[in-house]
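Order of appearance sets the numbers: ligands from 1, and atoms from 1 within every ligand. We count residues from 1, following the sequence as given.
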Amino acid sequence: MKRVVCPGSFDPITFGHLDIIERSAKMFDEVVIAVLVNKTKSTLFTVPERIEMISEVTAKFPNVRVDSWSGLLVDYCEANHITVIVKGLRAITDFDYELQMSQINLQLKGIETLFMSTAPAHSFLSSSLVKEIASYNGDVSNYIPATLLEKLKARLALVHGGN
Ligand code: PNS
């Protein structure tokens, strides 16, 4: 059985993430979406909130499950008998950082990274951009699932006090 991990911050999960997850689920027996800590980012949603949102929008995929981890990704992989990480690559701007991470993960524990090119329709999409657009009351309904729109709006209103 081939189990792979799709790691990320998912703050919140977007159609870009979902595209990679859905395509991975067709290729592998089991896909674990791991909500991890990216120390370079501050998040809008807590880890349990992100797990709940991801679980809700991936419930239709029988071989996808959601988990979280607060340590190194390679340690998560080792503890869960996972040898392959799947990541989406949107553009050349992702490449340097993703290449570095994949090489470190390979060197640390022999964990391989497979890069999947993002569908062109999502090549510009990121959770950060979605949050920025939504914080100015812009329409993000093409970028995140409909069930998450209200949650995002409510959280931004709480954080920014409606400003
Ligand atoms: O969605 P993101 O924020 O681009 O995902 C990055 C993430 C969370 C996968 C990365 O920061 C990560 O793997 N964090 C866990 C800690 C870790 O293993 N750091 C070393 C990576 S070389």
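- Cluster partners of Met1 are absent, since no Ile, Leu, Val, Met, Phe, Trp or Tyr has side-chain heavy atoms less than 4.5 Å from it.
- A tilted orientation is assigned to the rings of His122 and Phe15, their planes being inclined by 30° to 60°.
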Q: Could you walk me through whether Lys151 and Glu49 pass salt bridge (Lys or Arg N to Asp or Glu O under 4.0 Å), step by step?
A: CA-CA 10 Å; Lys151 289 182 178 124; Glu49 285 169 339; over 6 Å; no
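- Rounding to the nearest 0.5 angstrom, the gap separating the CG atom in Asp11 from the CZ atom in Phe45 is 6.5 Å.
- Scanning for side-chain contact (heavy atoms from CB on, under 4.5 Å) contacts around Phe115 gives Lys87, Leu89, Glu98, Ser102, Thr113, with sequence neighbours left out.
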Which protein N or O atoms sit under 3.5 Å from any N or O of ligand 1? Give each pair with its distance.
{"from": "ligand 1", "atom 1": "1 (O)", "to": "Ser9", "atom 2": "N", "distance (Å)": "2.9"}
{"from": "ligand 1", "atom 1": "3 (O)", "to": "Ser9", "atom 2": "OG", "distance (Å)": "2.5"}
{"from": "ligand 1", "atom 1": "3 (O)", "to": "Asn38", "atom 2": "ND2", "distance (Å)": "2.8"}
{"from": "ligand 1", "atom 1": "3 (O)", "to": "Lys41", "atom 2": "NZ", "distance (Å)": "2.7"}
{"from": "ligand 1", "atom 1": "4 (O)", "to": "Lys41", "atom 2": "NZ", "distance (Å)": "3.4"}
{"from": "ligand 1", "atom 1": "14 (N)", "to": "Val37", "atom 2": "O", "distance (Å)": "3.1"}
{"from": "ligand 1", "atom 1": "18 (O)", "to": "Leu73", "atom 2": "N", "distance (Å)": "2.8"}

Mind listing the side-chain donor-acceptor pairs of residues 65-74 below 3.5 Å, one per line with the distance, residues two or more places apart or on another chain?
{"from": "Arg65", "atom 1": "NE", "to": "Glu30", "atom 2": "OE2", "distance (Å)": "2.6"}
{"from": "Asp67", "atom 1": "OD2", "to": "Tyr76", "atom 2": "OH", "distance (Å)": "2.7"}
{"from": "Trp69", "atom 1": "NE1", "to": "Leu72", "atom 2": "O", "distance (Å)": "2.8"}

